[in-house]
Amino acid sequence: MARAIKKSSRKAGLPPGTLVHIGDKRQAHTRIRLIDYEENDLRETEVRKIESLLSLKNSPTISWINIDGLQDLDLIRKLGNGFAIHPLTLEDIVNTGQRPKAEEFDHYVFVVLKMLRYDPGERHIRIEQVSLILGERYLVSFQETPGDVFDGVRARLRKGQGRIRRSGADYLLYALMDALVDQYFIILETFGEKIEVMEEELLANPTTEMLQGLHDMKREMIFFRKQVWPLREILSSLSKREMTLITEATGVFLRDVYDHSIQVVDTIESYRDLLSGMVDIYLSTVSNRMNEVIKVLTIIATIFIPLTFVAGIYGMNFVYMPELRWPWGYLWFWGIVVATATAMLVFFRRKKWL
Amino acid sequence: MARAIKKSSRKAGLPPGTLVHIGDKRQAHTRIRLIDYEENDLRETEVRKIESLLSLKNSPTISWINIDGLQDLDLIRKLGNGFAIHPLTLEDIVNTGQRPKAEEFDHYVFVVLKMLRYDPGERHIRIEQVSLILGERYLVSFQETPGDVFDGVRARLRKGQGRIRRSGADYLLYALMDALVDQYFIILETFGEKIEVMEEELLANPTTEMLQGLHDMKREMIFFRKQVWPLREILSSLSKREMTLITEATGVFLRDVYDHSIQVVDTIESYRDLLSGMVDIYLSTVSNRMNEVIKVLTIIATIFIPLTFVAGIYGMNFVYMPELRWPWGYLWFWGIVVATATAMLVFFRRKKWL
Amino acid sequence: MARAIKKSSRKAGLPPGTLVHIGDKRQAHTRIRLIDYEENDLRETEVRKIESLLSLKNSPTISWINIDGLQDLDLIRKLGNGFAIHPLTLEDIVNTGQRPKAEEFDHYVFVVLKMLRYDPGERHIRIEQVSLILGERYLVSFQETPGDVFDGVRARLRKGQGRIRRSGADYLLYALMDALVDQYFIILETFGEKIEVMEEELLANPTTEMLQGLHDMKREMIFFRKQVWPLREILSSLSKREMTLITEATGVFLRDVYDHSIQVVDTIESYRDLLSGMVDIYLSTVSNRMNEVIKVLTIIATIFIPLTFVAGIYGMNFVYMPELRWPWGYLWFWGIVVATATAMLVFFRRKKWL
Amino acid sequence: MARAIKKSSRKAGLPPGTLVHIGDKRQAHTRIRLIDYEENDLRETEVRKIESLLSLKNSPTISWINIDGLQDLDLIRKLGNGFAIHPLTLEDIVNTGQRPKAEEFDHYVFVVLKMLRYDPGERHIRIEQVSLILGERYLVSFQETPGDVFDGVRARLRKGQGRIRRSGADYLLYALMDALVDQYFIILETFGEKIEVMEEELLANPTTEMLQGLHDMKREMIFFRKQVWPLREILSSLSKREMTLITEATGVFLRDVYDHSIQVVDTIESYRDLLSGMVDIYLSTVSNRMNEVIKVLTIIATIFIPLTFVAGIYGMNFVYMPELRWPWGYLWFWGIVVATATAMLVFFRRKKWL
Amino acid sequence: MARAIKKSSRKAGLPPGTLVHIGDKRQAHTRIRLIDYEENDLRETEVRKIESLLSLKNSPTISWINIDGLQDLDLIRKLGNGFAIHPLTLEDIVNTGQRPKAEEFDHYVFVVLKMLRYDPGERHIRIEQVSLILGERYLVSFQETPGDVFDGVRARLRKGQGRIRRSGADYLLYALMDALVDQYFIILETFGEKIEVMEEELLANPTTEMLQGLHDMKREMIFFRKQVWPLREILSSLSKREMTLITEATGVFLRDVYDHSIQVVDTIESYRDLLSGMVDIYLSTVSNRMNEVIKVLTIIATIFIPLTFVAGIYGMNFVYMPELRWPWGYLWFWGIVVATATAMLVFFRRKKWL
């Protein structure tokens with residue numbers, strides 16, 4: 001969690017609107033992919049020169065400009081000027097420690113989202129910021145690294161499947177947000193399975209590592225929730241069409257993503273409740289084991305300590321000890337031992353310790 | 001809980017509006033039952049061909065089309081086209097991992113609800129999604145499997161009991177929602193009885209299984225609450241007649257179901273509080289038992305360890321030990337033993353350990 | 001708590017508006033008492049025939065019709081028809097598991113309240129539903145059993161004390177609600193005293209019964225709170241005169257009851273906080289006692305176990321053990337014993353265990 | 001806490017508006033002090049006859065009538081009639097268990113506040129109700145006992161310091177509220193210092209009394225918070241000038257007191273968090289001490305129990321035991337003892353128990 | 001925390017608007033620095049005479065008057081008169097225990113903020129109040145001591161970097177608030193790193209000091225949160241331009257700081273959750289260590305106590321004890337010892353204690 005904060009503090013003291021790339025993920029060069037489409041046609045190109053993009057702004061087709069890599073500040077500045085984007089927006093794009101948000105500017109809507117993927121090796125959620133700029137007939141998406149969860153959307157665009165080619169740029173925005181939120185469900189599923197496995201292990205054999213594992217899960221849940229929580233507001237405001245660039249038809253679809261985001265938050269809350277309950281179970285199982293240990297100690301000690309005392313008596317060297325000379329003295333001794341032990345066992349049985 | 005999530009993640013990457021049946025419950029074929037009624041007449045038929053239904057949309061009678069089984073996507077698609085239902089609605093119907101919700105579309109209201117039944121064998125609540133489409137003079141209900149809680153409503157329809165035959169399709173919607181919420185009360189009753197039984201057992205003889213049982217109950221409560229919570233909003237918006245298809249007369253009845261849903265949530269909250277209190281009682285009882293065990297150990301050890309030491313002294317083989325030759329030495333020894341033991345017992349009594 | 005739920009589930013599947021008396025309290029016959037008053041006159045009668053009441057609806061006097069016992073469904077149905085009461089209202093009256101609420105209908109206001117009394121024998125709060133129907137110039141009150149907290153109001157009516165005879169039926173409604181809420185304060189006082197007593201006992205001598213007692217109290221608080229919480233909304237909406245049957249003068253008085261209801265809820269919250277604190281104190285005191293027990297065990301064992309070892313040494317039968325033959329060997333032994341014990345005691349004193 | 005409730009329950013059953021003095025604080029006679037002022041003049045008198053006050057209502061000067069003692073119900077009733085005060089207001093004045101509130105009536109504003117003082121002897125906050133009636137050009141204040149926190153206000157009035165003499169009665173209301181809230185800060189300071197002292201003691205030497213002390217503090221915090229919480233609403237509504245008797249200039253000052261009241265509530269919340277943390281520290285320190293005790297027991301027992309067994313072996317009387325006759329047998333024995341003890345100590349050192 | 005409260009209580013009883021400097025930080029003399037700028041020009045001067053500032057109020061340039069040190073009440077009073085500042089504002093400036101707030105007055109906006117710095121030596125956050133008065137074309141800032149976080153802003157002003165010289169005084173206000181909030185991120189980073197370090201230590205070797213450290217961190221978090229929480233409202237109201245002195249362009253920038261303030265609060269909440277989880281881990285690790293200690297005790301005692309009893313038997317001096325004379329008696333004894341010990345070890349292994 002400290003990572004996200006580290007990034008932001010590095011910027012302290014600089015004037016607002018200063019472009020400083022803040023993020024761990026660096027790559028050799030920035031890659032720009034353009035998908036330019038209308039109902040009956042689709043053109044997909046790798047763009048080298050940023051200048052060639054600027055004319056698209058006014059073309060009748062819908063243009064999806066996807067940018068992988070945020071180090072080339074010069075390129076981003078040029079793009080910003082070309083599309084008349086507010087300096088603060090550009091700053092938020094390259095400073096990847098943003099809280100998810102949706103803001104309306106004069107002629108575009110700016111949306112910051114988080115692409116989350118669960119890394120089973122390092123046991124934590126990997127995060128990448130996706131910034132989206134929705135204009136009248138274009139959508140620019142910024143990613144930190146190549147590789148994303150939008151391949152399904154691209155496939156649908158290419159095949160002209162569904163209504164995506166017949167709709168505007170706002171529907172594309174919806175499709176991308178939907179793909180991101182669908183990914184959240186996959187993470188939830190992973191967590192759900194891990195929780196089920198842990199629940200069974202917990203009852204079978206609780207270990208200290210398991211407590212650490214529960215703590216790690218809880219931390220990931222806190223992190224996850226922090227990323228998803230702001231989505232609710234974003235989607236609520238988008239789906240209520242408070243922003244003019246969103247059409248009514250797309251609003252209905254965004255309401256659907258809004259429902260999904262609520263479902264994600266609900267499930268995270270349920271998982272947190274479950275994890276808290278599991279910590280309680282863990283602590284109680286550990287304490288039960290200790291009780292069992294102490295019971296064994298008590299039973300053994302309580303039986304043998306008095307008997308050892310009796311044996312000690314007849315090990316004494318008093319000159320005058322009549323029992324020692326009794327013919328059946330030794331047998332009597334064994335009688336006492338057996339009787340005492342039996343009485344103790346009956347006592348323990350009654351107390352339900354055995 | 002993980003089940004519900006698994007379903008949704010399976011859909012990730014598909015275009016919205018794609019019909020994929022997501023759910024565990026599969027059955028051989030889909031069954032369509034039609035109840036077509038007006039104040040003085042009722043006709044009940046099993047429908048084979050979906051086409052025969054489409055004319056009902058404009059008939060003056062009220063039609064209740066009930067569909068059991070969601071695998072026949074073709075059938076659902078045809079129905080959707082016939083009744084002009086939004087693709088997202090159809091998607092939500094077959095994707096049974098929806099959060100309960102009510103949405104108004106151009107000419108219909110779409111309501112997703114959960115039919116819950118407590119399965120005492122598996123000790124968890126079984127869930128089935130019920131989707132309702134309320135039109136001007138028709139109501140279509142979709143269920144995952146045959147068998148439901150609506151037999152009472154059917155009986156009333158057949159007998160013409162109450163106002164149901166004299167009212168519109170919105171009243172039928174109310175009647176079905178009322179039947180679902182009534183079922184929630186039955187589950188609450190089951191839980192209430194289980195909690196009472198557990199409370200008594202808890203005081204009599206707490207076991208680790210009981211803690212597990214409390215944890216299971218808590219989990220079911222979290223699950224239950226998650227299903228019921230959205231109902232409040234749904235019923236509130238329906239009863240306030242924000243939707244044009246709901247008449248004022250039915251609004252009054254829906255307010256009644258709204259009150260019931262609040263009562264259900266309130267009771268779930270109370271149960272959660274009670275269960276938390278019971279976990280505390282459990283932990284405290286277990287810890288009390290341990291205290292008792294330790295007390296017994298301490299009493300026995302504290303009495304006999306010093307006495308064993310005394311016996312040990314007179315078992316020593318020093319050549320010069322005057323006590324050993326005293327005529328009353330052995331008696332003196334017993335005197336010391338009895339005095340020490342008595343002193344200890346008095347001490348324990350004072351400490352209220354005995 | 002389970003009781004309240006049981007009642008409601010028994011109704012599942014019946015058409016709404018069906019009158020089924022749901023409640024534990026049954027009595028031989030229903031008793032109807034009428035108090036008919038105006039500023040200068042008051043007439044009190046026991047009514048046998050329900051028909052004689054119906055003319056009162058339009059009389060210029062204020063009529064308070066009080067009905068004890070809800071089994072005679074026929075009578076209630078007749079009354080409902082006579083006063084044109086909505087079927088759902090009648091259902092809510094006889095189904096005594098309602099959540100407190102206030103609803104406005106065309107020509108009357110329907111208020112459901114809970115009459116609470118603390119039963120010291122069974123150690124829980126006894127609950128009885130009081131339903132009030134406020135019309136233009138009449139008020140009908142329904143109770144489950146005879147005996148209520150309204151005797152003060154009756155006395156004031158008879159004596160013409162205060163403004164009650166000079167005011168309308170809405171003031172009578174206020175007077176009855178005020179009497180109910182005053183009763184809540186008496187219950188709070190009882191709880192307050194019990195908490196004070198328990199707090200003192202807790203410090204003196206904590207027992208497992210006490211924990212059970214705290215748990216019982218907490219449960220009663222949860223139950224109490226559940227009954228009082230909805231009162232706030234009811235009184236807020238009544239006092240803000242959202243309902244036309246409430247006059248401005250009475251609104252001021254209802255605001256006063258509203259303040260009281262907030263005070264009751266506040267105090268319940270405070271008590272819950274106190275009880276939680278007391279559970280902590282209990283657990284900590286118990287754990288302190290165990291610490292003391294373990295300390296005694298440790299002190300005794302730590303002193304005598306090494307000494308017993310020393311005694312054991314000189315009890316050995318080695319042929320060559322020089323100490324045994326030393327003339328002062330036995331004295332030396334005692335020297336070691338005293339020195340060891342003293343050292344231990346000094347150590348314990350330093351550790352502040354003694 | 002139970003005190004406040006006891007008072008209210010004593011009134012149950014009486015008609016509203018009945019004047020019954022409910023409070024513990026009684027004094028021989030009621031004292032009425034009048035301060036009558038305008039910008040250039042101030043007159044201070046002890047009033048004997050209530051009638052002489054009534055003319056003040058319409059005088060051009062500002063009149064502050066302060067009444068100490070609430071037993072003389074007759075006097076209060078006369079005053080109420082003279083100033084046309086609603087019976088419920090009078091009832092609230094003499095019934096000192098009110099929740100703080102501000103109510104607007106036709107021609108006056110009624111404010112109930114709590115004067116709090118920390119009594120270090122009894123270790124709890126002492127509470128006194130102050131009721132204020134703000135009219136056009138007068139302010140009547142009611143206190144339970146003589147002695148208050150308003151001497152600073154009186155001094156400023158007499159000296160004509162600040163704007164108080166130049167402002168209206170609403171400014172006087174503000175000045176009194178400000179003085180009351182300032183007093184809350186003094187209590188907070190006292191608590192803050194106590195918490196600091198306790199924190200240091202807690203780490204040095206935790207005792208059971210300390211836990212009781214923490215519990216007492218928490219209870220006082222609950223009590224304190226309950227008194228201050230309603231202030232926020234009161235001051236918010238007063239400072240937003242929802243009431244016509246408050247001028248804009250005074251609104252600005254009341255906003256300042258509003259800020260203070262929020263600060264008090266914030267600080268109480270912080271203190272409660274701190275106290276909870278301290279209880280955790282206490283419990284953990286106590287549990288650490290027990291661990292230490294158990295460690296000592298374990299070390300001693302684990303070293304000496306095996307050694308005692310060895311000594312026991314050579315104390316046996318078998319006729320044939322070769323070791324007993326070995327010349328170096330006794331030395332060997334000591335060798336075993338030293339080796340075992342050393343091995344144990346190394347083991348403990350490794351486990352970091354020593 | 002008590003510090004902040006102490007300051008406020010010292011003022012109790014004084015008339016509002018009385019200037020009393022309340023704060024720990026005192027310095028020899030007050031320093032006034034003026035930066036007077038327009039797009040193309042900047043003048044920086046150290047001001048000696050307060051009178052020279054007053055003309056600036058109406059000059060066409062933007063003036064930033066920064067005052068370090070609040071003891072010279074006379075100076076502040078003069079400034080207050082010169083700039084027509086409300087007495088309450090002046091009081092809030094010198095009384096440094098204010099809650100952060102933003103208030104609009106007739107011709108200026110008054111903002112109170114907290115400059116926070118983490119002092120690693122004393123392990124707590126140091127706090128300094130910064131008061132800002134924003135006028136039409138001037139901004140006056142008050143600090144308790146010299147040294148602040150505004151050097152970046154000054155550098156930008158001098159270099160004419162960014163839009164700061166081209167914008168009004170409201171943009172300067174934004175720049176200062178932004179610098180303060182950036183500083184919060186640096187504190188968060190410090191805490192984040194400390195938490196990471198503590199988490200690792202906690203698992204390696206939990207000590208009581210560590211618990212104290214966690215408690216200190218939690219306390220700092222409570223303190224931090226209390227300072228940042230009110231920022232949200234302040235920035236929300238400023239960015240929504242409820243105040244006329246804030247231009248639309250600056251509103252966009254303030255929305256950015258608003259987002260940051262939410263992020264700070266979110267992160268503080270996450271840290272508090274993490275710290276709570278760490279306390280649980282600590283307690284559980286400590287309790288696990290105790291379990292291990294008790295297990296060792298139990299294993300040793302359970303093996304040797306019965307064996308010591310057996311040895312005790314054959315140390316008895318009964319005249320008739322046949323075993324003592326058996327030729328293989330001593331070997332038999334060893335056989336019993338080995339068998340018993342092995343059985344015990346197998347038992348422990350099965351219980352998974354070894």
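The analysis underlying the following values was restricted to heavy atoms, covering all of them including side chains, and did not include hydrogens, waters or symmetry mates. The sequence lines fix the lettering, A, B, ..., with proteins before strands; numbering per chain opens at 1.
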- Message: Using 0.5 Å steps for rounding, measure from the CG atom of N317(B) to the CG atom of N317(C).
- Response: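 So the gap between those two atoms works out to 5.0 Å.
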- Can you measure from CD1 (I222(C)) to CG (L274(B)) and round to the nearest 0.5 angstrom?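 It comes to 5.0 Å.
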Interface residue of largest heavy-atom contact number with chain B, from [options], under 4.5 Å:
options: K218(C), Q212(C), E103(C), R325(C); answer: E103(C)
options: L211(C), I299(C), I303(C); answer: L211(C)
options: L214(C), V296(C), L283(C); answer: V296(C)
options: H86(C), R99(C), E323(C); answer: R99(C)

- Message: Under 4.0 Å between a side-chain nitrogen and a carboxylate oxygen: does that hold for R225(C) and D266(B)?
- Response: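 A salt bridge is absent here (no side-chain N lies under 4.0 Å from a carboxylate O).
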- Query: Among A175(B), G315(B), S284(B), P306(B), which has the most heavy-atom pairs under 4.5 Å with chain C?
  - Reply: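 The candidate making the most pairs under 4.5 Å is P306(B).
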- Message: Among D280(B), V149(B), V181(B), I262(B), which residue has the highest count of heavy-atom pairs closer than 4.5 Å to chain C?
- Response: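 Sorted descending by pairs with chain C, the first entry is I262(B).
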- Item | Residue E199(B) versus chain C: region with a heavy atom under 4.5 Å |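 Only the side chain of E199(B) comes within 4.5 Å of chain C.
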- Item | Interchain contact, F191(B) with chain C, by part (heavy-atom threshold 4.5 Å) |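 F191(B) has no heavy atom closer than 4.5 Å to chain C.
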Does any heavy atom of chain B fall under 4.5 Å from the side chain of [X], the backbone, both, or neither of them?
X: D92(C); value: side chain
X: W328(C); value: neither
X: M316(C); value: backbone
X: P87(C); value: side chain
X: L88(C); value: side chain

- Item | Toward chain B: residues of residues 287-294 of chain C with heavy atoms under 4.5 Å |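 Residues of residues 287-294 of chain C touching chain B at under 4.5 Å: M290(C), E292(C), V293(C), I294(C).
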What's the shortest heavy-atom distance between [X] and [Y], and which atoms?
X: A311(C); Y: G312(B); result: CB-C, 3.7 Å
X: F318(B); Y: G329(C); result: CE2-C, 3.5 Å
X: I300(C); Y: T302(B); result: CG1-CG2, 3.3 Å

- Are side-chain heavy atoms of H215(C) and L202(B) found at a separation under 4.5 Å?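 Not touching, per the 4.5 Å side-chain cut-off.
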- Message: So K226(C) and T267(B), do their side chains get closer than 4.5 Å, heavy atoms only?
- Response: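 Answer yes - side chains close enough.
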- Query: Under the criterion side-chain contact (heavy atoms from CB on, under 4.5 Å), which of L324(B), V319(B), I313(B) is the partner of Y330(C)?
  - Reply: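 Considering L324(B), V319(B), I313(B), a side-chain contact (heavy atoms from CB on, under 4.5 Å) with Y330(C) is found only for I313(B).
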- Message: Determine whether a donor-acceptor pair (N or O, by modelled atom type, separation under 3.5 Å) exists between the side chain of Q263(B) and the backbone of G97(C).
- Response: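 Judged by distance alone, yes, a pair lies under 3.5 Å.
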- Query: Got a sec, which residues hit ring-ring contact (aromatic ring centres under 6.0 Å, His included) with Y171(B), two or more places apart in sequence or on another chain?
  - Reply: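 For Y171(B), the residues satisfying ring-ring contact (aromatic ring centres under 6.0 Å, His included) (neighbours in sequence not counted) are Y174(B), F253(B).
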- ring-ring contact (aromatic ring centres under 6.0 Å, His included) involving Y282(C) - partner list, sequence neighbours excluded: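 Here no residue qualifies.
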- Set of residues satisfying side chain to side chain donor-acceptor pair (under 3.5 Å) with respect to K295(B), sequence neighbours excluded: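 K295(B) satisfies side chain to side chain donor-acceptor pair (under 3.5 Å) with no residue once adjacent residues are dropped.
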- Message: One pair to check against side chain to side chain contact (heavy atoms under 4.5 Å, CB included): V252(B) and F105(C). What are the steps and the verdict?
- Response: CA-CA 9 Å; V252(B) 173; F105(C) 287 86; 3.8 Å; yes
